[in-house]
Engineer: 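Quick one: structure below, then a few questions.
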Amino acid sequence: MTIEDTYRYIISAYFGVREMDSYDLKEYVLKDIKEYITDFVNQNPSPNFDFEKEAEKIKDETSLKTKLQDAVSLLNKMDNAPIELTLQITQRLKKL
């Protein structure tokens, strides 16, 4: 997976978590994901890739199902991600 693909996946996961209005503590998780994104971008600079433009594109063009799937995948990789949120996203994916 390229740096750009990994970034797309992380951003998609961020927007997937944003869709989870039923989870009261999602703002804390979003903050953790933002820090994860910032660290990733700082460690993997890509001068020919516009990270902000790509984030807007993902926000508008990626399906909800993909965003939620990416969110589950990323949350499983993060050390402090709440299991309750992962379970809620999984349940929502089953309904789609």
Side-chain angles (χ1 to χ4, degrees):
M1 195 180 262
T2 66
I3 291 172
E4 291 82 5
D5 289 338
T6 303
Y7 176 77
R8 288 180 186 107
Y9 145 75
I10 297 169
I11 292 296
S12 177
Y14 173 84
F15 289 121
V17 170
R18 261 187 40 180
E19 292 291 328
M20 296 304 297
D21 293 332
S22 61
Y23 188 71
D24 295 333
L25 302 174
K26 78 174 184 179
E27 293 302 320
Y28 296 106
V29 177
L30 290 173
K31 180 183 173 283
D32 290 341
I33 295 173
K34 282 182 187 178
E35 290 173 6
Y36 191 92
I37 292 167
T38 302
D39 290 343
F40 178 82
V41 171
N42 289 338
Q43 292 173 8
N44 301 289
S46 183
N48 299 327
F49 187 73
D50 187 346
F51 290 102
E52 291 180 24
K53 183 178 177 183
E54 193 65 27
E56 285 300 316
K57 182 178 174 184
I58 291 166
K59 178 183 173 186
D60 296 335
E61 297 177 8
T62 303
S63 71
L64 175 59
K65 184 176 181 179
T66 300
K67 291 175 187 174
L68 294 174
Q69 289 170 333
D70 289 343
V72 168
S73 181
L74 181 64
L75 290 172
N76 285 330
K77 290 181 181 181
M78 294 177 69
D79 295 331
N80 57 350
I83 294 172
E84 304 86 32
L85 178 57
T86 304
L87 294 173
Q88 284 184 15
I89 294 171
T90 303
Q91 290 299 318
R92 187 165 177 188
L93 278 168
K94 288 179 182 179
K95 293 177 184 178
L96 290 179

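In this text the structure is predicted, and so the values were computed from the model without any measurement. These values consider heavy atoms only, across backbone and side chains, with no hydrogens, waters or symmetry-generated copies.
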Engineer: For residues E19 and I89, determine if any side-chain heavy atom of one lies less than 4.5 Å from a side-chain heavy atom of the other.
Structural biologist: no
Engineer: So do the side chains of L75 and V29 get within less than 4.5 Å of each other, counting heavy atoms only?
Structural biologist: yes
Engineer: Closer than 3.5 angstrom, by distance alone: can the side chain of T38 be matched with the main-chain N or O of K34 as a donor-acceptor pair?
Structural biologist: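 Confirmed, T38 side chain pairs with K34 backbone.
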Engineer: In plain terms, say whether K31 and E35 are close enough for a salt bridge, that is, a side-chain N and a carboxylate O under 4.0 Å apart.
Structural biologist: yes
Engineer: Can you find a pair of side-chain heavy atoms, one from T6 and one from I3, that are under 4.5 Å apart?
Structural biologist: no
Engineer: Quick one: do M78 and L87 end up in the same hydrophobic cluster if we chain Ile, Leu, Val, Met, Phe, Trp and Tyr together by side-chain heavy atoms under 4.5 Å apart?
Structural biologist: no
Engineer: Rounded to the nearest 0.5 Å, what's the gap from CG on L64 to CG on L96? Could you check?
Structural biologist: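 Rounded to the nearest 0.5 Å, the CG-CG separation comes to 5.5 Å.
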Engineer: Testing T66, V72, L74 one by one against D70 for a side chain to side chain contact (heavy atoms under 4.5 Å, CB included), which residue passes?
Structural biologist: T66
Engineer: Nearest 0.5 Å, what's the CZ-CD distance between R18 and E27?
Structural biologist: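 So the gap between those two atoms works out to 9.0 Å.
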Engineer: Does the side chain to side chain contact (heavy atoms under 4.5 Å, CB included) test come out yes or no for E54 and I11, once each step is laid out?
Structural biologist: CA-CA 9 Å; E54 193 65 27; I11 292 296; over 6 Å; no
Engineer: Check whether more than 12 heavy atoms from other residues, nucleotides or ligands sit under 6.0 Å from atom CZ of F49, and answer yes or no.
Structural biologist: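 Yes - once you tally the heavy atoms of other residues, nucleotides and ligands closer than 6.0 Å, there are more than 12.
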Engineer: Take a 6.0 Å sphere around CD1 of I83 and say whether it holds more than 12 heavy atoms from other residues, nucleotides or ligands.
Structural biologist: no
Engineer: Out of curiosity, Y36 OH to K77 NZ, how far, rounded to the nearest 0.5 Å?
Structural biologist: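 Atom-to-atom, Y36:OH and K77:NZ are 6.0 Å apart.
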Engineer: Is D5 salt-bridged to R8, cutoff N-O under 4.0 Å?
Structural biologist: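 Counted as a salt bridge, because a side-chain N and a carboxylate O are separated by less than 4.0 Å.
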Engineer: Let me see the working for K26 and D21 under side chain to side chain contact (heavy atoms under 4.5 Å, CB included), right down to the final yes or no.
Structural biologist: CA-CA 8 Å; K26 78 174 184 179; D21 293 332; 2.7 Å; yes
Engineer: Between K67 and I58, what is the shortest heavy-atom contact and its length?
Structural biologist: CE-O, 3.7 Å
Engineer: Nearest 0.5 Å please: distance from the CG atom of D39 over to the CG atom of N44.
Structural biologist: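 Rounded to the nearest 0.5 Å, the CG-CG separation comes out at 10.5 Å.
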Engineer: Would you please test F15 and T62 for side chain to side chain contact (heavy atoms under 4.5 Å, CB included) and show each step?
Structural biologist: CA-CA 9 Å; F15 289 121; T62 303; over 6 Å; no
Engineer: Tell me whether the rings of F51 and Y7 are parallel (<30°), tilted (30 to 60°) or perpendicular (>60°).
Structural biologist: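 It falls in the perpendicular class, over 60°.
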Engineer: Q88 vs Q91, test: side chain to side chain contact (heavy atoms under 4.5 Å, CB included). Steps then yes/no.
Structural biologist: CA-CA 5 Å; Q88 284 184 15; Q91 290 299 318; 5.7 Å; no
Engineer: Look up atom CG in D32 and atom CD1 in I37, then write down how far apart they are to the nearest 0.5 Å.
Structural biologist: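 These two atoms lie 11.0 Å from each other.
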Engineer: Shared ILVMFWY cluster between I10 and M1, side chains joined below 4.5 angstrom?
Structural biologist: no
